[in-house]
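Some notes on the structure that comes next.
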Amino acid sequence: MQTSIIGYPRVGSLRELKFASEKYFKGEITIHELQQTAADLRVSHWKRQQENGIDFIPSNDFSFYDHLLDTACLFNIVPQRYQALGLSPLETYFAMARGYQGEHGDVKALAMKKWYNTNYHYMVPEIDDSTSIRLAGTKPFDEFLEARQHEVATKPVLTGAFTLLKLAKYTGVKQADDFVHETAEAYVNVLEKLNALGADWLQLDEPALVTDLTQEDIALFSKLYSRILSAKGSVKVLAQTYFGDVRDCYPTLQALPFDGIGIDLVEGKQSLELVRRYGFPDDKVLFAGVINGKNIWRNNYKNTLALVQELGGHARHLVLSSSCSLLHVPYSLQHEAKLSEETKRYFAFAEEKLREFAELKSILARAEDPYTNEPYRHNEELFKSVRFLGNETVQTRAAALTDTDFTRLPAFAERGAIQKAKFNLPPLPTTTIGSFPQTADVRANRFSFKKGAISETQYKQFNFDKIAECIALQEEIGLDVLVHGEYERNDMVEYFGECLDGYIFTDHAWVQSYGTRCVKPPIVWGDISRSRPMTVEYSAYAKSLTDKPVKGMLTGPVTILNWSFPREDISLKDSAIQIALAIRDEVLDLEANHIEIIQIDEAALREKLPLRKSDWHAEYLSWAIPAFRLVHSGVKPDTQIHTHMCYSQFSDIIREIDDMDADVITFEASRSDLAIIEDINTCGFQTEVGPGVYDIHSPRIPSVDELKQGLSRMLNTIDAAKLWVNPDCGLKTRGVTETWASLRHLVQAAKEVRETLPLHS
Ligand code: GLN
Ligand code: ZN
């Protein structure tokens with residue numbers, strides 16, 4: 001049985017590419033030094049795969065920034081404003097990725113978007129009417145030859161034509177359909193080139209096939225590939241899909257002359273069923289994605305072998321593959337010094353996954369009795385062993401939940417009146433989203449404490465002093481609802497992970513998020529519980545300093561889970577409920593300590609929405625929304641619950657958001673066209689709203705006038721009794737000066753607009 005990897009991580013096991021790129025951006029190393037780092041990484045990645053006997057090793061999966069940007073540049077999809085800078089190809093590439101400001105001009109970066117349901121972000125290719133799509137680069141060929149020089153035969157990988165045209169943004173009149181011909185010809189040229197170089201296979205990634213497709217989409221796909229595949233020559237073409245199943249186009253994929261079809265049997269809920277129902281053609285190779293490319297747990301060989309056996313009954317030619325690119329998992333357990341050997345046995349990062357391929361291959365080679373194989377038995381023991389002692393208290397508590405635990409009483413309108421009377425806030429109350437600038441001293445304090453250079457008392461005292469300063473300033477500038485400033489938090493998820501039992505942390509398990517930015521998600525290891533209050537001390541201290549209301553600040557269960565590596569032995573829903581119970585206890589503790597307004601952030605609620613709309617409810621929202629409700633359903637009527645989201649694209653789930661049953665929601669709106677405000681108005685949204693009136697992602701200080709205009713626009717559609725005034729997100733990445741100047745303007749603008757309102761009772 002042969003094995004195939006869809007793609008390998010690129011930044012290096014110690015993030016070498018990130019650090020080299022950042023040095024290059026700062027002018028500290030030359031382009032040649034950067035290129036050398038990149039070349040070293042590529043070779044070492046190929047060699048690792050080769051050592052583990054991988055038969056289909058990808059090339060051109062490397063990227064300096066993003067593979068979709070690579071594809072755009074390869075095909076000359078470079079907007080005029082970047083070409084006009086007159087830079088070298090690599091510099092132009094970086095200008096598209098990061099923007100450019102210098103002697104050649106001033107342009108912003110291309111837009112960036114989430115790569116399907118992952119935390120990876122791609123640069124959105126921009127096509128206008130003058131774009132001429134054609135083969136204009138050599139990257140796939142160069143890397144193929146480079147691998148060959150190192151005696152590694154590779155399968156070049158490229159974003160497929162359909163996915164490219166689907167993800168591109170069209171800024172002119174012309175749409176995807178108008179580019180079919182030239183796009184197909186560009187891919188034909190790639191195939192001609194690869195034929196000349198003697199490549200065996202070409203992998204074309206078509207993740208767009210796992211989304212909801214219309215008849216027109218399928219027609220577009222067929223049109224593109226009828227032409228492209230006619231030029232195959234002796235190169236075999238693999239249509240590689242991932243992140244779900246291809247339920248809309250499985251027959252189409254089979255009917256086209258692809259030589260291989262790659263399907264995801266991990267995330268693709270219907271993948272196996274499709275193979276059962278439609279079978280698999282004898283003249284094609286099925287690349288079966290059986291090893292999870294997104295999660296960090298060991299593969300269960302017993303289950304995999306059973307699956308492979310069943311697939312073998314349908315497909316004559318079968319190759320074992322990862323379910324998606326390994327880009328979404330960290331490199332290796334090798335550098336994890338903190339984790340015990342016992343714990344590490346359960347994990348497989350990218351390198352360990354390669355080992356799993358090698359083992360599965362050796363197990364399958366002894367077809368007569370694979371079960372006597374040593375690695376097989378080890379694996380079986382691993383899955384039989386007790387990984388951790390479950391927390392019975394949590395399990396019993398979760399099992400005992402009933403509908404009433406998910407319902408806050410009294411209903412919104414009744415408690416809203418109670419809260420209005422209690423807080424007696426002015427109309428258009430002003431507040432912030434939680435964090436204040438994480439200046440160098442704040443970070444240094446946390447770092448010194450982690451290193452053991454200062455005592456816990458010293459560490460906390462520093463934070464207390466910061467809080468006092470922050471409260472005094474908020475009072476002085478006249479904000480209505482204050483916050484403590486979140487100085488104790490490194491990150492809104494990691495902080496809670498560290499406080500909760502059941503989480504574990506790695507030293508180097510970095511995963512690329514975009515460009516040179518990587519994230520290190522914590523791992524849900526066991527049942528989640530809270531053994532002590534996590535935020536009460538700081539919030540209560542802040543509250544002791546002022547007569548104004550102070551908002552407690554928590555991260556919600558869905559966001560905590562979405563930014564972690566989840567367990568595979570229980571459902572996401574069950575993990576979310578456990579986290580929700582822990583956060584619920586924190587909410588009740590805050591309330592008991594006189595924190596009367598509590599904000600529960602769900603910044604990442606939208607991120608894990610299933611790729612197909614038809615799955616949104618059944619697979620996700622049906623537990624995500626209740627998990628949030630569980631967190632706050634136990635509070636008193638006069639405790640006000642806020643939530644915050646970092647995006648304004650929620651028109652399509654607006655009902656569900658209202659159904660979270662918070663009292664107030666703040667969200668990003670300053671950068672969008674405020675369309676969401678229309679939707680809020682028309683759908684009868686009950687929750688009070690604080691659409692961000694200025695963009696915290698830029699250091700710009702908004703003027704009072706412009707803030708007033710923003711508020712007036714909002715008041716055209718939103719009832720003044722429901723409107724809050726706030727920036728669009730936390731201020732932790734901002735500088736001190738611009739932050740306070742902007743907030744002063746915000747308070748001033750709110751005051752002036754209040755004057756113009758008819759009197760409210
Ligand atoms: N309360 C958090 C903060 O202010 C929210 C962060 C976020 O939405 N990403 O930092
Ligand atoms: Zn935010």
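Side chains included, hydrogens not; waters and symmetry mates left out as well; all remaining heavy atoms used. Just so you know, ligand 1 is whichever comes first in the structure, and atom 1 is the first atom listed for that ligand.
Taking the centre of each ring, Y120 and H67 come in below the 6.0 Å mark.
Evaluation of the ring pair (Phe, Tyr, Trp, His ring centres under 6.0 Å) rule for F349 yields no partner, not counting sequence neighbours.
M492 SD, 3.5 Å is the protein heavy atom nearest to atom 6 (C) of ligand 1. The nearest heavy-atom contact from the protein to atom 2 (C) of ligand 1 is D601 OD2, 3.3 Å.
Applying the 4.0 Å criterion to heavy atoms of G434 picks out, from ligand 1, the atoms 4 (O). Residue-ligand proximity, I433 to ligand 1, at heavy-atom distances under 4.0 Å covers atoms 1 (N), 4 (O). Interface of C729 with ligand 1, defined as ligand atoms under 4.0 Å from a residue heavy atom, comprises 7 (C), 8 (O), 9 (N).
Considering backbone and side-chain atoms together, M553 places no N or O closer than 3.5 Å to any N or O of ligand 1. Inclusion of Q599 in the set of residues having an N or O under 3.5 Å from an N or O of ligand 1 is not warranted. The N/O atoms of K732, backbone and side chain alike, include none that comes under 3.5 Å of an N/O atom in ligand 1.
Of the N and O atoms on the side chains of R15 and T516, not one donor lies less than 3.5 Å from an acceptor on the other residue.
Checked for salt-bridge contact, K26 and E22 miss the test: no charged N lies under 4.0 Å from a carboxylate O. Contact check on K732 versus E486 returns no salt bridge, with no Lys/Arg side-chain nitrogen under 4.0 Å from an Asp/Glu carboxylate oxygen. Salt bridge absent: K466 and E488 never bring a charged side-chain N and a carboxylate O closer than 4.0 Å. Ion pairing of E498 with K450 is present here, as a side-chain N (NZ or NE/NH1/NH2) and a carboxylate O approach within less than 4.0 Å. A salt bridge links R567 to D527: one of the charged nitrogens lies within less than 4.0 Å of a carboxylate oxygen. A salt bridge links K422 to D638: one of the charged nitrogens lies within less than 4.0 Å of a carboxylate oxygen.
Summarising the geometry, atom CH2 belonging to W115 is positioned 7.5 Å from atom NE2 belonging to H328; distances are rounded to the nearest 0.5 Å.
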Practice prompt. Let me see the working for T717 and N681 under side-chain hydrogen bond (donor to acceptor under 3.5 Å, both in side chains), right down to the final yes or no.
Written response: CA-CA 6 Å; T717 27; N681 188 34; 5.5 Å; no
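Across the listed options C646, S435, G730, P727, C646 owns the non-hydrogen atom lying nearest to atom 7 (C) of ligand 1.
Looking only at protein N/O/S atoms, the ones less than 2.8 Å from the Zn ion (ligand 2) make 3 in total.
Residue H644 touches ligand 1 through its side chain alone, judged by heavy-atom distances below 4.0 Å.
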